[in-house]
Every structure is written in C-alpha cells, then in structure tokens.
Trainee: 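One structure is given below, represented as structure tokens, and several questions about it will come after.
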Amino acid sequence: MPRVPLEITRRDLLKSGLAAGAAGLVGTNGLRGAPAMAAGPDEDAWYRQGEIRTTYNVCDMCPWHCGVVVHSVDGVVHKIDGNPHDPKSRGMLCPRGQAGVSFLYDPDRLRAPMVRTGERGEGRFQEVEWDFALDLIAQKLNQIKERSGQESVAIFGHTAGDSWWAEHFAQAWGTPNAAKPSSSLCISPREEASLLTFGTPVGGHEPLDWAELECLTLIGSHIGEDSRNTVMQDFAGLHGRGGTIIVVDPRFSSAATKADHWLPIKPGTDTALLLAWIHVLITEELYDAAYLDRWATGFDQLAEHVRDMTPEWAAEITDLPAEAIRDTARAMAEHAPRAVIMPGRHVTWYGNDTQRMRAVFIVNALLGAYGRHGGMYFNQAPYIQDVPHPPYAVAGSAGGCAAEPGDDDELGELPTGPTGKARADGARETFLQGPTAMQELIDPMITGDPYRIEALICYGVNLLHSVPDPERTKEALRNLELFVAIDVLPQEHIAWADIVLPESTYLERYDELFTMAHRTPYIHLREPAIEPLYDTKPGWWMAKELGERVGLENFFRWDDLEEYLTTRLRSVGSDLDDLRDRRGVIVQEGRPFLEDFEGSSPFATPSGKIELYAQSLANAGLDPLPVYEPVEDPPEGYFRLLYGRHPVHTFAKTQNTPVLSEAFSENELWLNDEVAVELGVADGERVMLENQDGATSGPIKVKATPRIRHDAVFMAHGFGSDAPELTRAHGRGASDTKLQTRYALDPICGGAGLRVNFVRITLEA
Ligand code: SF4
C-alpha cells in the first residue's frame, strides 16, 4: 500500500524550497536561502531519511510543461526541481511548479471510482470497483452508439493527458465532437491566423528569439501575472539589457510597469491600433521591402486597404494619442527585424479575434521578423514515430496547444474548411469550420439541434469554470444520458456526473511522451515518482480499459505504457533506460531561421509565401484583410469585465492546492480608484457583481487603484468555487465564468470571445 503523508506542512515546504518559490522563480538548488538550512544541518531533513529516488517528469501545474526532476524517499515525494537539460525550464520553476508536491498530497483528492446515487448536482455517490464503473460506461456508450451513432458522444479534454481522450479515443470511437478549452477558449484565433498567414500554427511555445530580441510589444499579454517560467526569465533578460518594451493594455499590468511605452487602450479597439501601425509602417516606408519582395504576397492590397487608417483615425477609436501610435510604430521599425508583437495566449476576446491576430502577424511580417534572428524562429516538432494502429474513424478536431502539423497525415481525403484544415463530417454536419468549439457543443445537449449529444466524457476540464454560462451548462448536464467525469479533484462539475473516475496525478503515472515543437525540438519523459495514491488510475489506463470494452482493442495493442513508450522511443534509437540516462530529455536539431532552408520555402501556405492577403478567406466569403469591427460599449452603470491570471494560480485548477491557497486564497476586483470614490466603495470592501443578464457572483474584495481605466474592471480567473468538497477553494472570491453568460463566436476559428460581458457593482447584502 503506498504511503500517504498525513500532512505536508508549510514547514516541510520551507525545507524543500517551495516557500522561497512562492516569491519568484527557484533554481535547481531550491534549498538556497530556506530558513531551515540557514539554521544549520537538520538531522530530521527528508533527504537524510533514506535513499533519494530521482525520476523525470513534466510539470502539469500549467500548460507551459517545464521539464522537472522529482526527488522522493521511501515512496514519498519531497521536492521538485527544474530539469537543467530541458530547453523549456532550463533548471528553473515557478512557484506553482514546486507546489506539485502540495497538489499531490491535497487531502481533498478523489480517491475511488464512484457512481451517482442522488439527483444530478447533489453530489451523492457510492464508491465502486473499477471493473464495475468501466463496464457500466461501456454498456451505456454501446447503447447510445447503436441508437444514435458515435457522434452523439462528446469528449472534452484538458491538461497533458487529454490526448488519450479528446484525440486518440475520440478519433478511434468516431466522434468529431471532441473539444479542448485550450483551443476554443484560448489560442484558436492565433493558431488559425498563423496558419492563414504563415502556413503553420504558432505551437505551444511562442517562438520568439529572445536572446537577440531588441523590441517586444505585448497586446493583452500579462507576463509576470501569467507566470510562464521561461517567458518570465526571458522577459527579465530583455528588460535587464535595456530592450524596448511596448505594452498595450487597459490596465497598468505588471509587464506595463516595466514598459517604455504603455498604451492604455480602450478595450475592444486593438485591431484599429494594429491597422494604424500597419499604415505608419507602409506610408513612412519603414517596412522590410527586400524581405517582403522575397517572402510575401498581397502587399499592394494591404497598402490600399490601410491607406486611410491613419493614427488620427485610430486615436478617435482607441482613446490613444495619435503621436503615441506613430511613435510606437517607429520604435518597432527602429529595431526591425529584432522586433516582435508577441502572439500571446488566451486571445479569444471579441469574436473577431482571428482577424486581430492576422493583423498582429502582418505587423511582424512588415518588420521582417519571421524566420530572422531576434525575431520569431520556426518551431519544429521532433521526429518520432507513433505506435501503429488502424486508421481512425474521424480526423482530429479538438485543436489545442499540442496540435502539430501532420497529425492528420494518415486520413486521406477529407472535407476542408476555409483554412484548408481537414475536417471529419461523419454522417452529419459539423458545427463550425475551425477546430470544434467546446461551448458550441453545449446547445446540442439541450436542443438536439442539429442532433442530440447524449453522452459526455470530461477529462480534466473544470467544466463549470471554463465554459461560459455555467447555468446553461448545468441544464445541458441534466439532459445527458451519460456524464463521465475524470479528474484528480472534486471540482464543481463532479457533483453532476453519473460516474466519476479518479485520476492519479502526473507525479504518479507514466504518460504520453511530450514531443515539443521548439527551436531545438525535443522529447521529454513523464514517469511516476511513486505508486498511485488511493484507488486512482492513470488516464491512459482508463482509456485502454474502456477502449477494450467498446471494441476499440486494436487501438490499444500494447500491455502497458512502458511498452508503448519503448515502441515509440525505438524509432529514435532510444528506450526508457536510455532516456533516463539522458536525464529524461532527447534534444534534436531544428531549422529555426530562413537561412536553414537553403532556398526552399518554410511557409506552408498555398502560395509558399507569407499571405498578407488571405485568398482562402476571400474564397470563403470572409475578409481577406483584417477589418476593425466596433464592439458594444458598456451600458450606463456597467463596466467591461476583464479577467486574467494571478502568478500563483493556473486557471481554476490550483486554488485548492494547500500551499498555493495559503499564498493567495481569493481574487480581488480591480476598480479605478476615482470610480470607487464615485460609487462610495472603499478599498478592501467586499462587493457583489451582477452582469447584464442578471447573473451574479461574489462577494469579492475591491482593489481600488489608478492602474485600470474608468470603463473596465479586472479579476483573476478561476475563483469562486461552489464545491464544498474543495475545502480551501470553496466560497473564496468571485467566479468570472458565472458572469460570462454571453460570448461572441469567431466565424473563422470557432473561438468564444468572452470580453463581451459587462458587470455592475452592488454592495454586499
Ligand atoms: S511555468 Fe510553472 S506551473 Fe507552468 S509548467 Fe513551468 S513550473 Fe510548472
């Protein structure tokens, strides 16, 4: 029986360096500076208690996926360090990375498979054996398939293990209705825009050549708040060497405090600013003409398109001074091609987001930055073969951070959307042209239009804190024949499940190899540091066991994941022992810059060039060049609801993690200090929020500050849980998702723009 420590205390974590990590990045020697060490040798220290076992893993506390080294003694994990051989972590971790120990030993974890005994939403369950739970799911799935077809089953997935469900299982089973919030609620606009402009997606890791970068522009990217380890290291490096930083944000964010230019833009007007920048670069001949001649098409149409989009035109729209718009365009051009607008993450804002991201990439192209030193390099996925299996029943549609070009190679001819991306229609129509949009699969569960989705398998998605309008989602869950929830923690939606399957954390399981698209493509191992705690199982094991019960055994022709991983690794001359000898990572050579292509084109667009003018959009009846579309202003008495991240938390995943909860337990509402005075609200006072449709959330503590515009409020995402089983997260702060009862659907990528919601402030009852 695996050991479960009764409690990991803050003192233990101080010894392990985690408390130091809560203040910032922690290096490989995480013990440095910890108070316990300063006092001298500690005879009780964990590292004196037995043989230290070292294993290699990939941090799952956020999607940045830093490579880590895990130290355990006698079946107990004590310490996690950054893997110095990993190109992403470079031996450093953020506070959440070190809090993986605290996440593992969270006493609130799900412990055994359960079957619902009460009404949906009541949260009453009975623990059952794994065989019973899996047999029951298989029986229900087969009944639904026979009656209504495979497509009546939807599969949602999030976190690194989601490829087993939202990709492999979904495609083998034959449903196109697989979706990931990482795509439809986060990065799908930038991935589609990059495909349209450059012919390849951005990939999980924005490919900035930070070492030689001279000028960085951030539009709504909150480096330091969105604390992606290596990005913070690189941003600090750029700032430290005096690089030029331009920040466009309605809020004086942490990154804005380091900026040379802060543009406090009116929310929703970013495309107008981008078009004016394009106007300045072209009319003042600040663009890289030789680069565009060689590598781009559509320049003349672009120049004509922006002819009248002057800084004065944009100033009226954006609330920014025309001179500031002109100066920042010139600042970028002064450093070109070592100047980049960062693609960013979570770019689903207003529903016209693919067009806005096209404008971002067009600016980068005018600066000659793509494929150039100091600009953006070409990401490449590492070479490695898959484990053979029969052809999938449908193509992948879930999208997400890990999607790489070439995934659909084996599928042959399939219908294509306006971006040329292969789609699987099955017997009926899919809903959208781009990657399947998770939020668009909720309505068919309620209305049956265009057909009823009868079952949902939800892997690692915190459903009621991800999909907009949670009350609508609850209505959908009530209508389902079968709702299976797979998770580590008893998140809010678990109470609505028919069957709950508890997953082992990333520290207790093998998983699919991490094949990272990067300047130096690399492969990283995830292996267990300890046996699974309680009666939990890895997600891959559940997918295989269920697959074998529903007739998909040919897609799981391996006994366990060690065999699966070894088969893949053999294709690159390695195996598990060899990978451990290499400290868990195999690094390959990439072709990051234009000169590495020896005359061939790195741009996989139909023209083989950067497409400033997107003919494929024109062919689909969509704007081939970005167009500014005004968005609705807040009604009288309301503020635009902006949301983002806090550095010690990830989405709605870590609020219950003991040591992170201790560091930051509830979110705050940023409210302009002058507006606070007008409303009679004091700094620190708790208020309730009500949106334009009457949805409420709170109470939430007000942070009255001059660092935000008068017309918007801001809060960190992921708080305000209603799950009593989450003893630390329950009832702490307010939920932004509850206040997002509207979204604007992007017609190109299917992303859900969530910044179209407004809130008013009421005093706490
Ligand atoms: S940035 Fe932090 S939480 Fe994210 S993977 Fe890296 S260490 Fe983990």
Side-chain angles (χ1 to χ4, degrees), residues 25-30 54-70 80-94 96-98 100 160 187 200-213 216 223 226-238 340 342-343 345 370-384 401-405 506 511-527 565 568-569 572-574 576 578-593 596 602:
L25 294 172
V26 175
T28 304
N29 181 5
T54 299
T55 49
Y56 298 96
N57 211 309
V58 174
C59 179
D60 210 32
M61 298 297 282
C62 95
W64 195 238
H65 295 153
C66 296
V68 297
V69 183
V70 183
I80 302 174
D81 288 327
N83 184 348
H85 302 274
D86 173 63
K88 218 176 223 184
S89 75
R90 302 185 210 133
M92 305 279 279
L93 294 181
C94 83
R96 296 162 302 161
Q98 294 227 335
I187 61 167
T200 46
V202 173
H205 185 172
E206 291 119 307
L208 271 61
D209 184 19
W210 286 96
E212 296 190 59
L213 183 67
L216 173 71
I223 296 175
D226 160 9
S227 59
R228 288 176 287 155
N229 173 12
T230 339
V231 176
M232 289 200 295
Q233 296 179 38
D234 290 327
F235 183 75
L238 176 71
V340 168
M342 190 170 183
R345 297 170 89 94
Y370 218 96
R372 305 282 284 282
H373 289 269
M376 290 178 74
Y377 60 79
F378 297 109
N379 258 335
Q380 273 165 329
Y383 171 76
I384 188 164
C401 298
E404 299 296 347
Y506 66 103
D511 222 324
E512 178 60 283
L513 291 166
F514 287 73
T515 53
M516 311 298 273
H518 199 264
R519 179 174 177 158
T520 52
Y522 66 97
I523 299 162
H524 205 294
L525 174 64
R526 169 173 286 169
E527 62 176 344
L565 297 177
R568 290 201 77 188
L569 287 168
V572 289
S574 181
L576 280 173
D578 173 68
L579 188 49
R580 290 185 189 109
D581 287 346
R582 295 176 189 228
R583 308 284 196 270
V585 58
I586 297 171
V587 180
Q588 299 177 353
E589 275 188 31
R591 293 199 292 172
F593 299 111
D596 299 317

Trainee: Sort out for me which residue in V69, L93, L525, V58 forms a side chain to side chain contact (heavy atoms under 4.5 Å, CB included) with N83.
Mentor: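 Checked V69, L93, L525, V58 against N83; only one passes side chain to side chain contact (heavy atoms under 4.5 Å, CB included): V69.
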Trainee: Give me the atom names and distance for the closest heavy-atom approach of A517 to P382.
Mentor: N-CD, 4.3 Å
Trainee: Just verifying a value: how many Å separate I223 CD1 and R228 CZ, rounded to the nearest 0.5 Å?
Mentor: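 The CD1 atom of I223 sits 7.0 Å away from the CZ atom of R228.
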Trainee: Donor-acceptor pair, distance only, cut-off 3.5 Å: does the side chain of K88 make one with the backbone of W64?
Mentor: yes
Trainee: So does E527 get a backbone contact from the side chain of N57, meaning a donor-acceptor N/O pair under 3.5 Å?
Mentor: yes
Trainee: Can you say whether the rings of H518 and H205 are parallel (under 30°), tilted (30 to 60°) or perpendicular (over 60°)?
Mentor: tilted
Trainee: For S89 and V68: C-alpha separation, side-chain torsions, deciding distance, then whether side chain to side chain contact (heavy atoms under 4.5 Å, CB included) applies.
Mentor: CA-CA 8 Å; S89 75; V68 297; 5.9 Å; no
Trainee: S574 and I586: side chain to side chain contact (heavy atoms under 4.5 Å, CB included), yes or no, with the steps?
Mentor: CA-CA 9 Å; S574 181; I586 297 171; 3.7 Å; yes
Trainee: Does the D511 side chain pair with the main chain of Y506, one donor and one acceptor, at a distance under 3.5 Å?
Mentor: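 Absent.
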Trainee: Does the side chain to side chain contact (heavy atoms under 4.5 Å, CB included) test come out yes or no for Y56 and D86, once each step is laid out?
Mentor: CA-CA 10 Å; Y56 298 96; D86 173 63; over 6 Å; no
Trainee: So do L216 and L208 actually touch side chain to side chain, heavy atoms under 4.5 Å?
Mentor: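 Sidechains of L216 and L208: in contact.
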Trainee: About how many Å separate CH2 of W210 and CZ of F235, when rounded to the nearest 0.5 Å?
Mentor: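 Atom-to-atom, F235:CZ and W210:CH2 are 7.0 Å apart.
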Trainee: Taking all atoms of both residues into account, what is the closest heavy-atom pair of M232 and C94, and its distance?
Mentor: CE-CB, 4.5 Å
Trainee: Between R90 and T230, is the side chain to side chain donor-acceptor pair (under 3.5 Å) condition met? List the steps.
Mentor: CA-CA 8 Å; R90 302 185 210 133; T230 339; 5.2 Å; no
Trainee: Would the distance check show the side chain of Q98 and the main-chain N or O of I80 forming a donor-acceptor pair, the cut-off being under 3.5 Å?
Mentor: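 Checking the backbone N and O of I80 against the side chain of Q98, a donor-acceptor pair under 3.5 Å is found.
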Trainee: Shortest non-hydrogen contact from G97 to C59?
Mentor: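 What the structure gives for the nearest pair is CA-SG, 3.8 Å.
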Trainee: Considering all heavy atoms of both residues, which atom of A160 and which atom of R526 are nearest to each other, and what is their separation?
Mentor: CB-NH1, 3.9 Å
Trainee: Please evaluate residues Y370 and F378 with respect to the criterion ring pair (Phe, Tyr, Trp, His ring centres under 6.0 Å), reporting the C-alpha separation (whole Å), side-chain torsions for both, the decisive distance (0.1 Å), and the verdict.
Mentor: CA-CA 8 Å; Y370 218 96; F378 297 109; 5.4 Å; yes
Trainee: Side chains of P87 and V585, heavy atoms from C-beta outward: is any pair under 4.5 Å?
Mentor: yes
Trainee: State the CG-CG distance between L579 and L569, to the nearest 0.5 angstrom.
Mentor: 5.5 Å
Trainee: Hey, is the main chain of V202 close enough, under 3.5 Å, to the side chain of N379 for a donor-acceptor pair?
Mentor: yes
Trainee: Any chance CZ of R582 has more than 12 other-residue heavy atoms, nucleotides or ligands included, within less than 6.0 Å?
Mentor: yes
Trainee: Which pair of heavy atoms, one from D209 and one from R519, lies closest together, and at what distance?
Mentor: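 Smallest heavy-atom distance, with atoms named: OD1-NH1, 2.7 Å.
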Trainee: Do you know the tightest heavy-atom contact between G100 and M61?
Mentor: CA-SD, 4.0 Å
Trainee: Measuring from atom CG of D596 to atom CD of Q380, what distance do you get when rounded to the nearest 0.5 angstrom?
Mentor: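 Reported to 0.5 Å precision, the distance equals 8.5 Å.
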Trainee: Begin from the C-alpha positions of Q588 and I523 and carry the test side chain to side chain contact (heavy atoms under 4.5 Å, CB included) through to its verdict.
Mentor: CA-CA 8 Å; Q588 299 177 353; I523 299 162; 3.9 Å; yes
Trainee: Is a donor on one side and an acceptor on the other found under 3.5 Å between the side chain of N229 and the backbone of M92?
Mentor: yes
Trainee: Taking the side chain as C-beta and beyond, is there a heavy-atom pair between P63 and R345 under 4.5 Å?
Mentor: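 When only atoms from C-beta onward are counted, R345 and P63 do touch, with a gap below 4.5 Å.
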Trainee: Nearest 0.5 Å, please: how far is CZ in R96 from SG in C66?
Mentor: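 C66 SG to R96 CZ: 8.5 Å, rounded to 0.5 Å.
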Trainee: Taking CD in E589 as the centre, count heavy atoms belonging to other residues, nucleotides or ligands within less than 6.0 Å. Is the count above 12?
Mentor: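 No.
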Trainee: Could you check whether any side-chain N or O of E206 sits under 3.5 Å from a backbone N or O of M342, counting only pairs where one atom can act as donor and the other as acceptor?
Mentor: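 No: the side chain of E206 does not pair with the backbone of M342.
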